[in-house]
K.L.:
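The structure that follows is given in the form of structure tokens.
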Amino acid sequence: MAAAKEIRRPIAATIRLTVPAGAARPAPPVGPALGQYRLNLMAFCKDFNARTQKYKPDTPMAVTITAYKDNTFEFIVKSPSVTWFLKKAAGIESGSGRPGHLVTSSITLRHVYEIAKLKQSDPYCQFMSVESICKSIIGTANSMGIKVVRDLEE
């Protein structure tokens with residue numbers, strides 16, 4: 001057997017943060033979260049900002065950092081949340097206070113499809129079909145009080 005054995009490093013913690021794209025700095029919330037595990041803050045900030053430079057500034061990016069006991073780390077950057085995309089597409093600040101009763105805005109199926117294509121690159125959605133991601137996005141839109149229509153003329 002020529003297969004090399006993979007050595008498993010002991011994990012100290014798994015840290016989940018929401019950081020604006022291209023704006024990671026060693027100040028809160030990044031600094032205290034990584035500092036308590038003695039991770040290199042500047043290395044994380046440089047790597048994160050390099051990976052998220054293709055997104056618009058201030059886009060909230062979810063990041064999962066795996067901290068190891070030898071003070072090293074790995075991180076996975078996920079695309080912004082579906083609710084953030086829906087609010088941007090509908091042009092609203094927040095969802096409805098009474099979803100199902102009060103419609104705040106409406107979006108088209110094309111918006112839903114475009115969001116689904118973006119979310120398909122996420123680690124948890126990469127094996128899901130676009131149709132099932134679209135159904136999930138439509139359910140989220142309904143729970144926010146956003147109506148999904150075929151065309152905006154309706």
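Only heavy atoms go into these numbers, but all of them, side chains included; no hydrogens, no water, no symmetry mates. Treat the numbers as computed from the prediction; the structure is a model and nothing was measured.
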K.L.:
Verify the ring-centre separation between F75 and F44: is it less than 6.0 angstrom?
P.N.:
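Judged by ring-centre distance (under 6.0 Å), F44 and F75 do meet the cut-off.
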K.L.:
Can you tell if the side chain of K119 reaches within under 4.5 Å of the side chain of V82, non-hydrogen atoms only?
P.N.:
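Result yes, sub-4.5 Å side-chain heavy-atom pair found.
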K.L.:
According to a hydrophobic-cluster definition based on side-chain heavy atoms being under 4.5 Å apart (Ile, Leu, Val, Met, Phe, Trp, Tyr only), do Y68 and L17 belong together?
P.N.:
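Each belongs to a different hydrophobic cluster.
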K.L.:
Using every non-hydrogen atom in the two residues, find where P29 and P32 come nearest and quote the distance to one decimal.
P.N.:
O-CD, 3.9 Å
K.L.:
Nearest 0.5 Å, what's the CG-CD1 distance between L39 and I15?
P.N.:
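Going from the CG atom of L39 to the CD1 atom of I15 covers 5.5 Å.
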K.L.:
Over all heavy atoms of both residues, which pair between S105 and I92 is shortest? Give the atoms and the distance, please.
P.N.:
CB-CG2, 3.9 Å
K.L.:
Linking I/L/V/M/F/W/Y whenever any side-chain heavy atoms sit under 4.5 Å apart, do I146 and I133 land together?
P.N.:
yes
K.L.:
Is there a donor-acceptor pair closer than 3.5 Å between any side-chain N or O of T140 and the backbone N or O of S136?
P.N.:
yes
K.L.:
Hey, does the side chain of H111 reach the backbone of T108 with a donor-acceptor pair shorter than 3.5 angstrom?
P.N.:
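Yes, H111 side chain to T108 backbone: donor-acceptor pair under 3.5 Å.
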K.L.:
Kindly indicate whether the side chain of T59, heavy atoms from C-beta on, has any atom under 4.5 Å from the side chain of W84.
P.N.:
yes
K.L.:
Find the distance between OG1 (T83) and CD1 (I115) and round it off to the nearest 0.5 Å.
P.N.:
10.0 Å
K.L.:
Could you pull out all residues at least two apart from E93 that satisfy salt bridge (charged side-chain N to carboxylate O under 4.0 Å, His left out)?
P.N.:
none
K.L.:
Looking at side-chain heavy atoms only, is the closest gap between K147 and V149 below 4.5 Å?
P.N.:
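In short, these two side chains touch, coming nearer than 4.5 Å.
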K.L.:
Atom CG in N71, atom OH in Y37: separation rounded to 0.5 Å?
P.N.:
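Here the rounded value is 12.5 Å.
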K.L.:
Give a yes or no answer on whether the side chain of R25 reaches the backbone of A23 with a donor-acceptor pair at less than 3.5 Å.
P.N.:
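At least one qualifying donor-acceptor pair exists.
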K.L.:
Taking all heavy atoms of Q36 and all of A33, pick out the closest pair and write down the distance.
P.N.:
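Closest heavy-atom pair between Q36 and A33: CG-O, 3.6 Å.
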K.L.:
Look at the side-chain heavy atoms of Ile, Leu, Val, Met, Phe, Trp and Tyr, link any pair under 4.5 Å apart, and say whether M61 and L34 land in one connected group.
P.N.:
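Same cluster: M61 reaches L34 through Ile, Leu, Val, Met, Phe, Trp or Tyr contacts under 4.5 Å.
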K.L.:
Quick one: does T66's side chain have a donor or acceptor within less than 3.5 Å of a partner on F73's backbone?
P.N.:
no
K.L.:
What I'd like to find out is whether the side chain of T14 reaches to under 4.5 Å of the side chain of I65, using heavy atoms alone.
P.N.:
no
K.L.:
Checking N49 side chain against A24 main chain: does a donor-acceptor pair fall under 3.5 Å?
P.N.:
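Yes.
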K.L.:
If you look at every heavy atom in P60 and T18, which pair is closest and at what distance?
P.N.:
CB-CG2, 3.8 Å
K.L.:
Are V130 and Q120 side-chain neighbours, meaning at least one heavy-atom pair lies under 4.5 Å?
P.N.:
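A side-chain contact exists here, since the closest heavy-atom pair is under 4.5 Å.
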K.L.:
Hey, quick one: are Y113 and M144 part of the same hydrophobic cluster, counting side-chain heavy atoms closer than 4.5 Å, chains of contacts allowed?
P.N.:
no
K.L.:
Report yes if some heavy atom in the side chain of C45 is under 4.5 Å from a heavy atom in the side chain of P26; otherwise report no.
P.N.:
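In short, these two side chains touch, coming nearer than 4.5 Å.
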K.L.:
Just so I know, are the side chains of T64 and V77 near enough to count as touching, which here means a heavy-atom distance under 4.5 Å?
P.N.:
no
K.L.:
Kindly check if the number of other-residue, nucleotide or ligand heavy atoms within 6.0 Å of NZ (K88) is above 12?
P.N.:
no
K.L.:
Can you pull the salt bridge (charged side-chain N to carboxylate O under 4.0 Å, His left out) pairs that have at least one residue in residues 47-72, sequence neighbours excluded?
P.N.:
none
K.L.:
Would you say Y55 ends up clustered with I76 if hydrophobic residues are merged whenever their side chains have heavy atoms under 4.5 Å apart, either directly or through other cluster members?
P.N.:
no
K.L.:
Answer yes or no: is there a side-chain heavy-atom contact under 4.5 Å between F48 and V19?
P.N.:
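SC-SC contact between F48 and V19 confirmed.
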K.L.:
Can you name the nearest heavy-atom pair linking G22 to T52, along with the distance?
P.N.:
N-OG1, 2.9 Å
